[in-house]
Amino acid sequence: MVSSMKDWIQYGDPMSNAYYPYDTYNVVYDIGFEVYQFLGGIVAWLINLLIPGNWLSEWLVSDAVVNAFAIIILALLIFLVIFVGVLISLWEERKVLGRFMDRRGTMIGMKGFMQCVADGLKTFMKENTMPKKIDKMTYMWTVSLVIGTSVLVACMLPLSDRFYIVNFDSGLLIVMALYALAPFFILVSGWSQNNKYSLIGGMRAAESMISYEIPMLIIVCSVAVLSGTFNIGGIVAAQNESMWYIIPLFIGFIVFFTCACAESERSPFDLAEAEAELVEGWQTEYAGMKWGLIMLGDYLRGFASCAMISIMFLGGWNIAPFASDAVNGFLPEVVQLLKGWFIFFIMIWVRVALPRVRIDQILNLGWKVFMPLSVINLVIAVLLKVGGVF
Amino acid sequence: MVVENTIDTFDSPPEERIGKEKYETDQMWIYMGPQHPFSHGLWTLKVRVDGEIVTDAEPVIGYLHRGWEKEAENRTYPKIIPMADRLCYSASMTYTHLYCMTVEKALGIEVPEKAKYIRIVADEICRIQSHLMWLAAVGTDLGNLTIFLWGMREREYWLDLNVRLCGQRMTTNYPRIGGVRNDTTDIFDRDVMRCTERFEKALWDIINMIDTNSIYVSRMKGISYLTREQCANLGITGPAMRGCGVDFDLRRDDPYDNYEHIDFEVPVLKEGDTYARYMVRIEEMFQSCEIIRQAVRKINALGKNAPYRLKVPSKVPAGKTFCKLEDPRGESLMYLISDGTDKPFRLKVRAPLFTNISASRPMVKGVRVADVPAVMAMIDVCMGETDR
């Protein structure tokens, strides 16, 4: 087993690494590997020109260093993909909201895209203010953990069967486990801010998230029943062989979509935020870049939910429900991203049309409507599996 | 401990322990306002909550007090007109109208017919744009920005009409003692007819967006009931009162300025909940369109050369005058005491919201925190006239 990072990076060719956790070709890691081989090679060659036969050049192109830098470049690439993906979601939200509301949305720079970047920079430059009588340790840690879990959720979701960070056999379960962590941190964060609005906001968030967690998990299980695996790549492959699961599990798709809105605190379930009644809910006392990161984390969760819906119900990176592999293999990463943004578009549509629900309504809906529906969905999945349809 | 400092503990009487016999929870006061995003203007509503349920409430006003009534005592009568529209920027025309009407009553003069009908048109434009701003605010209070922007978009057309009429959008310095500042133009007549037609279609878009939406309806229906008796005891007037089944409207029952020559219906609903108050205001907007059309026809029938303004003396004879008018928010009244000089001795304003806000306690008692903005939006808060 892997005992340390040092053990893990001893191999020049990633495929010959015995500890290599991926069973398929990972394009991101390979890009990182080749980029470093090129850049590190040039640096080593230049140093070797100046001082022939030095130890530094050899060290720079040794297996361990190449692997280590390949992983760093992989992390940077993943960060870029996530960051740009979230920025485009933000831009999409602003433009689509604008069009629905009979205005233009953001306008400045690349059809308004640069406005999102500028807003990010502006938030970055804001003063890092903090209230006096807060529980500082909890206040800082919980928000970091909320954002951290959001980033981890996004990292668990692949763009295709070759573009991913990790490929666990229980990938979907890990995503759900990461989702389940956030309400606890939000509750504690709301308490730590020493503010009544935040306290109520935190309690609300925990209530609603926990009650929507369970239907989501049951639906994930029904998808796993049909595909026979929790591995994300496996689920997409199973849909490629039979059909998209939106057709047999349509109830599940609707319920999962609604629960995903609630999980990522999106309207009409943005009770935790609730600016009309609770100022900003649990985010009230977070200023400057802390708030900016919370927003980034929110969009990340929203977009990750959309990616999950795409993977579980819309065939992930497959182009058509009943098409050959040759067709489905075309630009898989782009297809997956586009599907995610399409689902996000529907989320924005819902946000435009609906006002915020009340806390008793959201809990009633979660426990009395979505819970039975998700069980029905599981029963359908089991019957289809037992009947031999899938 | 951090949170213990912020929560006040109360020994609540048994009837306030909502269904809890064995244990009781800590209750806390939450300040909604004055900087809270829900409060329209500088208004504070202190609510005492048991978990999410409001057990008590206390409105706090006075953050916007400008000494309007005292200021009026230091100005001559015509110079109060541009101050009167600052009482409430969304009901500016009705307040200017009311002030002029009070002084005219004190002077004992009758304004020309044409001026009366022009004032009716101006008042109804004011009512529609005020109700549209209320509708927009309802959208944001319930957490939806679309209704806000659609409502505000429709409002712009009516504000454009104000510009056509008198050159100002919101603080309209238009009615004068003895008439109105200027006659209507052909362009105004044409635009006002077009605007009413267009608006009735556009309003249906917004209504369809709200009424076919089960979340909107469930947020408003069956919440914060008020009875006719409560309305009488608290002095609630206007659409909030008509939503509780009280069939009374000054325009019909105590008409001023030729409202008696115009056919219109007063919408009354007897449910008394938030949804009824919403429906009353929506129906009022349609009725206002009807009133505007009739009034514009009457103006045109009077012809171009009909007088629209009288010459009036600068000094008002000594005495006490009392005048009332149906404001978009309820009945606004003015009480003028003049001492025979060119400045009022005392000018008292009775703003409808000053009393309507007093109803916030019975209205929010027992609802949830999330409903407080929705309930309070239905009395259409405007702090300018409340604090004066």
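These figures come from a predicted structure and were not determined experimentally. Lettering of chains follows the sequences in order, A, B, ..., and the numbering in each one begins at 1.
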Point-to-point distance, once rounded to the nearest 0.5 Å, from [atom1] of [X] to [atom2] of [Y]:
X: A/Ile359; Y: B/Ile53; atom1: CD1; atom2: CD1; result: 12.0 Å
X: A/Arg356; Y: B/Thr140; atom1: CZ; atom2: OG1; result: 10.0 Å
X: B/Leu145; Y: A/Phe100; atom1: CG; atom2: CZ; result: 14.0 Å
X: B/Asp141; Y: A/Glu277; atom1: CG; atom2: CD; result: 9.0 Å
X: A/Gln361; Y: B/Arg219; atom1: CD; atom2: CZ; result: 6.5 Å

Which atoms of [X] are under 4.5 Å from chain A, going by heavy atoms: the side chain, the backbone, both sets, or neither?
X: B/Tyr31; value: both
X: B/Val372; value: neither
X: B/Ile223; value: side chain
X: B/Ser218; value: both

Over 12 non-hydrogen atoms of neighbours within 6.0 angstrom of [atom1] in [X]:
X: A/Trp141; atom1: CH2; result: no
X: A/Met114; atom1: CE; result: no
X: A/Lys136; atom1: NZ; result: no
X: B/Tyr89; atom1: OH; result: no
X: B/Arg198; atom1: CZ; result: yes
X: A/Phe257; atom1: CZ; result: yes

B/Asn144 (side chain) donor-acceptor with A/Val352 (main chain) under 3.5 angstrom: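 It does hold such a pair.
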
Check: A/Asp102 side chain, B/Leu149 main-chain N or O, donor-acceptor pair, under 3.5 Å: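 Flag not set: sc A/Asp102 to bb B/Leu149 has no pair under 3.5 Å.
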
Where on A/Arg351 is there a heavy atom nearer than 4.5 Å to chain B: the side chain, the backbone, both, or neither?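 The answer is the backbone of A/Arg351.
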
What part of A/Leu354 gets within 4.5 angstrom of chain B, counting heavy atoms only: side chain, backbone, both, or neither?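 Both parts, backbone and side chain.
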
What are the two closest non-hydrogen atoms of [X] and [Y], and how far apart are they?
X: B/Gly143; Y: A/Ser267; result: O-OG, 4.4 Å
X: A/Ala353; Y: B/Tyr216; result: O-CE1, 4.3 Å
X: B/Trp29; Y: A/Lys196; result: O-NZ, 2.6 Å
X: A/Arg204; Y: B/Ala370; result: NH2-CB, 3.5 Å

Taking A/Asp270, A/Asp360, A/Leu278, A/Leu97 one by one, which has the highest count of heavy-atom pairs under 4.5 Å against chain B?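 Result: the option with the highest number of such pairs is A/Asp360.
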
Would B/Glu52 and A/Met203 count as a side-chain contact (heavy atoms from CB on, under 4.5 Å) if you check the C-alpha gap in whole Å, the side-chain angles of each, and the deciding distance to 0.1 Å? CA-CA 10 Å; B/Glu52 285 257 347; A/Met203 290 195 293; over 6 Å; no

Let's test your reading of the structure: which of B/Val369, B/Asp371, B/Ile30 forms the most heavy-atom pairs below 4.5 Å with chain A?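 Most heavy-atom pairs under 4.5 Å with chain A: B/Asp371.
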
